[in-house]
Structure formats: structure tokens, C-alpha cells
4 protein chains.
Amino acid sequence: MPQKVTDRRIQRTRQLLQDSLVALILEKGYESITVQDIIDRANVGRSTFYAHFQDKEDLFLSGFENLQSQFEQHLLGQSPSEINPWTLSLVMFQHAQEYQRVYKALVGERGGHTMLSHLQRYMSAHIGEHLKSHLPVRRKEQIPLEILTLYIYSTLTSLLTWWLDHDMPYPAEQINDMFRQLTQPTVESILQQA
Amino acid sequence: MPQKVTDRRIQRTRQLLQDSLVALILEKGYESITVQDIIDRANVGRSTFYAHFQDKEDLFLSGFENLQSQFEQHLLGQSPSEINPWTLSLVMFQHAQEYQRVYKALVGERGGHTMLSHLQRYMSAHIGEHLKSHLPVRRKEQIPLEILTLYIYSTLTSLLTWWLDHDMPYPAEQINDMFRQLTQPTVESILQQA
Amino acid sequence: MPQKVTDRRIQRTRQLLQDSLVALILEKGYESITVQDIIDRANVGRSTFYAHFQDKEDLFLSGFENLQSQFEQHLLGQSPSEINPWTLSLVMFQHAQEYQRVYKALVGERGGHTMLSHLQRYMSAHIGEHLKSHLPVRRKEQIPLEILTLYIYSTLTSLLTWWLDHDMPYPAEQINDMFRQLTQPTVESILQQA
Amino acid sequence: MPQKVTDRRIQRTRQLLQDSLVALILEKGYESITVQDIIDRANVGRSTFYAHFQDKEDLFLSGFENLQSQFEQHLLGQSPSEINPWTLSLVMFQHAQEYQRVYKALVGERGGHTMLSHLQRYMSAHIGEHLKSHLPVRRKEQIPLEILTLYIYSTLTSLLTWWLDHDMPYPAEQINDMFRQLTQPTVESILQQA
DNA sequence: TCCTAAGCGAGACGGTACGTCTTGTCTTCCA
DNA sequence: TGGAAGACAAGACGTACCGTCTCGCTTAGGA
């Protein structure tokens, strides 16, 4: 079903703005960007910007959500034999490798910390679900599930951010292997506490 | 040598400003505070503020550095038999427990992410030093030291922030034990890779 | 010759817009009306508005010129024995009485001052012509013709505007009589200065 | 009593803004001036403008009121033997002659019509008072006082505006004499209607 | 009866001015 | 002489209108 032309125009404008933001983040960092910078680069009127996005952060998040949807696609496309934190992370590193530029802007340090809470909500759900299904029925509960999830999530994002900010010195598979070596021993030792 | 009265006045003003900032962070979060808010609460003139601090972030960091110095004192006072990541972390959790209010403001989520990079620099030095001295002379180097340091640091700060933002539901010793359970297996397994 | 239907459509749209403007002026005054207000009320597209009129003022003037043409018709239909300022004014007051609503909008105070200069140009021609033909060949020229014209014109428009803004408390003939009482003595005394 | 220096600074800024407005009105007319134009010329920050005046019109009126106060001073200083419409008008024409520049800006056609209603309120009081005290006890009431006042006021402002916009081709005394010749016969004839 | 061109609505868009808000500098006064 | 008070320049913000534009829908009048 072909879209209405109007819709295509709208999409074009949104894309122009998102692209401008990405380029500007890579140039001078998220915090120091003004709305004027963005619309100048996108050749877009001020009111047009505000017709599409509430403010700079809203624009940022729209790009971030795009990335997330795209990531979901990848995840489904891969359909790994088992979804666990380390297959999830592999897909993420690979995805980041493919879309370096956008990832560096939105997830790297120049992108500010806006994305942290959003990423956390998303990742924690996936990770927590996996862990819950592998928990022994009764365990000593020294470490609550919430903290174990937090642990895995924070290790993963730290690695991801570091990897992006250092221009991905390893291929996705290798950095993911490090992630596995860092977290798997701990996770297994904890899950097996009878 | 007695300080000049003037110096005491200066100290008083700096303290007033730092206290205002802490109170305001707990009330409405770091980002949404304006310089006007701070000086109104401190009953201080605008020019006075800028006589002492470059800007809001400078004030924040001055408080943060106070905390760090105080922490160093604690650390020396404790003089643990061995300084390793887990004794360091214990002192930190205990320190945070003692100065809850300031920690919640400066390290908790309401304090923004300004402190992250500063805390990282500080912690990474301590942690890295410990690791280096325990590294086997030749190892397979699958995981570089920098990443291992990052791993420990990010786990610690995640735990600390979570603990503060959830009103410290465990005593310092217990949350530190969780930290140990999360990181020690991994660290040891890595360090022993011949 | 019957007009093309297309032309009738065009006329209808123009009329819709003029009517909207009149209604809106009476409601909230000329200055505070936006083009959006006008086209919303007329159920007309934005581009349609600009296809017919350059801007809000152009629309206003188009209505004003309509009124003027209509007034010319009246003037011819009356064919007063002599056209002088006071027969002219009588026709005007009568015309205004008949088309109260439009006059209040376009000439009253809510209509702004746009019409003043246009009305002035029109009236001054009529008045000036009359005066010139009654001037004594040589007079002391203490008061130039231009000023005498201005005097009559400004008195007439002041009375007209006042009359409209006060909901026409007198019939046209009576307010015109006041106009005559106010201006005729002066005009005659001046014209007769040998 | 010397004013506080702060007050002098404030006065200076207000004056700068008023002067800018006058200069700009003479250059391009009131309507087409933007706040940015004003503050650029005055070398004043945007927020400073709004700290002193609500908007462009407020600035205009502040200048207008200055003029009025000054005019009152003149009027008192002159202390004419009798205050009637024609001595009042003489002082006004003389005052305008002295402060040509400001009058052309604030009362001339380039100044827009904002001042009309304000001037009217002021003048009508003076004129009305004079007329009331000269009314015969019982008269035929063909022309209400309000209209007679309006008549005098509108003639005076028409003359004043014309005079300013034509660069004052006559001295104040002569244009005032025209005003007298135009209005006095009518006023006397009306007031004497027994 | 169909075709075609014009009138039209809808509304996205670039642009500009608005009035508000915050920053960091500066000047003056007071204790 | 240091600090309080606060005026100020600078400039970003989000809003409101403007006048232009592109797009399809409708509809009349000629083929």
C-alpha cells in the first residue's frame, strides 16, 4: 500500500533532523548542541522542528527508538537457538558494528547519558526474563534477581560504550566473548547456589 | 596557625552554597537547578557565587572532591590489612552509609551523571593498580587490563547507585558482600589464566 | 451575459472571506485577527485565501472598496440637486444607517485605522472640488484650501466613527444636521473672506 | 536629593530605548519596527528591554507620557490669563515646535495611531471642562457637549498631525490662528444658542 | 459520457518575531 | 575590603503567524 505523499514528506523531514542530530553529536557532543544548530544543518524551519519533536531530547529518543526497532528486527532475523544474555549481547554488538556511526552518536559518550535509562528498561526486561527461567526453585537468595540483572546490564553497557568510544578495536564476536568471560562464571555460580 | 577571619567567612559561604546544592538536588534533581535557585536558598549574592565557583558544575565537583578527601581519610584510618577492590569497596559502602544524605545527592541518580567520569578516574587508578600487581607474568591476554578494570568499576558504581537510590535496604557489609560475590569469581578466573 | 459558473464559485469564496472578516472584526477587533481565524470561519483553505488576497489588509480593503462602489451607486441614485459637502455627508450617513453592520466593522473603531487614509483620499477629492468651485477669485489666503478640506474631512469622519461606535443614537438626518451646524458657519465665513 | 546610581543606570537604559524608538519611527515607521531593531540600536540586551517595558507599545506610551508631563510643565509655566481651547492649542503647537523630532515620531503619521486614543482622553478633559463652564444654562441641546468636544479635539489633532507631517510650514502662532479661525465661529455660534 | 482544467481543502514547510529564561559579567553600595 | 544586590548583554528556548508550496479531491463545461 503506497503511502500518501504527505507522509513521505513528513518522514523526509524527520529523517533530515535525525541525521543532523547524529552528525552534530559526533562533532561537538550532545550537550552543546542547540536547536538552531540542528535546524540550520537540516535546512528546516524552527517551527517545523517543533511540529515534529517536543525538544532536542525528544528528537534524540526518536532516533534511539528507531535503533531499538531495527535491533528487534535483527534479533528476530537471527532467531538464535536460545535467547540468553550472551546471544542477545552478540546480536547487539553485531548490530552496533553494522551501524557504527549512529551507535557512536546515540550510545557513545558524546551522546550524553539520556539513553542510559531507556536502554536499561529495555535490556533489563530481556535479561531478567532469562534469569528467572533459570533460577533454581529454592536458592539461598543472597543476591536478589534485580541486582543480578543490574550487574549483567551494567557490564554490557559499559563494554558497549567503551568499545564504541575506542573505535571498536575488536570485532563484535571478540568483544562479546569478553563479555561472556566476564559474566558467565559469576552468573553460573550464583544460579547454581542450591 | 590560626586562620584569618576572612578565610572563615569564605569557608562559610562556600559551605552555604554546597549545602544549598545538596538540598536542591535531593528536591528536584541536578539538571533542573538554576544558579538563581542556589543563591536564593543560600542567601548569597549572584556575584558572590561566581566569586567562588565557575559555574554550577564547579560547585558540584567541589562538593564531590570534599567527599573524596574525606573518603581518603577513612581509607587511611581503616588501614585494612590489604587494599584490594573488595576492601576498598567496603570502606566506600560504609562511608556512604555514614554520609547518606550527601552521597544520595552527589552519587545517586538525582545527582546527574556528572560524577561518573570523575569517580571513574579515581576508582580506576586504585583498581588497576591492584590488578596489575596480581597479574601473572604471561597470560593469554584475552581480556585487557583496561577492560577488567572497567568491569569492576562499573559493577561497583552500579551497585552503589542502586543501593543509594533504593534507600540502602542492606547494611554496607551485606551489599559489599554481594559485590564480592559478583566480581571475585570472574576476577580470579581471569587472573589465573596462565 | 451570464457569468461562468467558475466565476460564481470565485465570487462565493471571496464573499465568504469578506463576511468572515466583518464578523471577526465585530467580535474581537481588526488587529487581533489572524489569517487562520478568517479561513477557519470561512471553511476555506489557507492557499485559497492567498489565491484571492495578498494578506489580511488586502481583504479588508476589498470590502472597503465594495462599500465605496455601493456608496457611489447611492450617490448617483439620489442625484441631489447640488453636490456639496453636506449633501454628500447626508448620503453617507444614510448609507451607513442602511448597512450598519458592515460600516461598524470597516469604519468603526474595531476596524482599526487602515481605512482612514483610503477614506481620506476619496473624500478629500469630493470636498476639495466643491470648495474650489466656490472660492472667491482672490482671497486673503489665510487658510489654504488643503487645510480647509482636511478640516471638513476630519470632522465628518470623527462624527461618523463616533456615531457608529455609539450605535447610532440619532437618525442619519439629525447627525448630518449636526455636521452641518459644526462646519457650515466656518466654511461660509472663510469662503466669504474677500 | 541625589538619586542612587542604580537609578541613574536604569534611567539611562530607558532613555536609550526611547531614543532608539524615536529614531526608528522616523526612519521606517512604527509598525515595521521590531523589538530586535530597537535593542540593536540601543545596544541593550533583549531581556533588559523586557525588564523595562512590556512590549513595543509600552515603550511608545512611556515616551508619550513623558511628552505629556513635559507639556503640563509648559502649560503651568505659561499660566495663560485664561485657559480655553485656543490658548491650550497654542501652547501645544509651541511645544511641538520646540520638540519637533519627538513630536514627529510620536504624534506624526509614522508613529501609528496608538497615540490617538491616549491623546483624546487627555485633550477631551481639558476641552470639555472649558465648554461646560461656558454653556448657557438652558440651550436647545441640538448638539450634545460630547460631540462639540469631539469636534474641537479632532480638528486640533488633524491640524497638528498635518502640520508635523508637512514639516511645520507655518510658525506655531500661525497654525494656531488657523485652528482658531476654523473652530471659534462654530463654537461661539453654538454656545450662544439661547 | 467522459475528460480536462480550474477551484479548492488540507496542511507541511521555511522564516521571522515574539516574550521568557538562564547564564556569567559588571558596577555600586554597605557593613 | 569582601559580599549583597541587582542591572545588564548575550543568546537559546518554545510559541505564534505569515506567506509559499505541494498534493489530491471535486466539479463544471467542452469533446
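What you are looking at is a predicted structure, and each value in this text was computed from that prediction instead of being measured. Note on naming: letters A, B, ... go to the chains in the order of the sequence lines (proteins, then strands), and numbering restarts at 1 for each one.
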- request: Please tell me which of A:Arg12 and D:Asp37 maps to the more 5' nucleotide of DNA chain E, matching each residue to the nucleotide holding its nearest heavy atom.
  value: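 That would be A:Arg12.
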field: Contacts of D:Tyr30 that satisfy ring-ring contact (aromatic ring centres under 6.0 Å, His included) - sequence neighbours left out
entry: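 So D:Tyr30 forms a ring-ring contact (aromatic ring centres under 6.0 Å, His included) with D:Phe60.
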Euclidean distance, D:Leu106 CG relative to D:Asn66 CG, rounded to 0.5 Å: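 Going from the CG atom of D:Asn66 to the CG atom of D:Leu106 covers 9.0 Å.
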task: Report the relative orientation of the aromatic rings in A:His113 and B:His113; use parallel for angles under 30°, tilted for 30 to 60°, perpendicular for over 60°.
output: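 Rings of A:His113 and B:His113: parallel, as their planes differ by under 30°.
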To the nearest Å, how far apart are [X] [atom1] and [N] [atom2]?
X       : N      : atom1 : atom2 : answer
B:Arg14 : F:dG2  : CZ    : P     : 16 Å
A:Gln36 : F:dG11 : CD    : P     : 13 Å
D:Ile33 : E:dC18 : CD1   : P     : 11 Å
D:Asp58 : E:dC18 : CG    : P     : 14 Å
A:Asn43 : F:dC21 : CG    : C1'   : 16 Å
C:Gln15 : E:dC8  : CD    : P     : 13 Å
D:Glu31 : E:dA17 : CD    : P     : 15 Å
B:Ile38 : F:dA4  : CD1   : C1'   : 17 Å

statement: Taking for A:Thr34 and for D:Ala42 the nucleotide of DNA chain F with the nearest heavy atom, the one nearer the 5' end belongs to D:Ala42
- request: Choose from E:dC8, E:dT27, F:dT22 the nucleotide whose nearest atom is closest to any side-chain atom of A:Arg9.
  value: F:dT22
task: Name every residue in residues 44-57 of chain C that has at least one heavy atom under 4.0 Å from any atom of DNA chain E, in order of residue number, or write none if there are no such residues.
output: C:Val44, C:Gly45, C:Arg46, C:Ser47, C:Thr48, C:His52
- prompt: Would you say a side-chain N or O of D:Thr13 is under 4.0 Å from OP1 or OP2 of F:dA7?
  reply: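 The answer is no; no side-chain N or O of D:Thr13 sits under 4.0 Å from OP1 or OP2.
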task: Please test B:Lys28 against B:Asp37 for salt bridge (Lys or Arg N to Asp or Glu O under 4.0 Å), starting from the C-alpha separation and ending with a verdict.
output: CA-CA 11 Å; B:Lys28 48 191 271 196; B:Asp37 291 337; 2.8 Å; yes
message: Which residue in the set D:Arg110, D:Lys104, D:Arg41 passes salt bridge (Lys or Arg N to Asp or Glu O under 4.0 Å) when paired with D:Glu27?
response: D:Arg41
query: Taking atom types as modelled, is there a side-chain donor on A:Thr114 or A:Glu57 under 3.5 Å from an acceptor on the other?
result: no
- line: Which of B:His52, B:Gln54, B:Gln18 passes side-chain hydrogen bond (donor to acceptor under 3.5 Å, both in side chains) with B:Ser62? Answer is B:Gln18
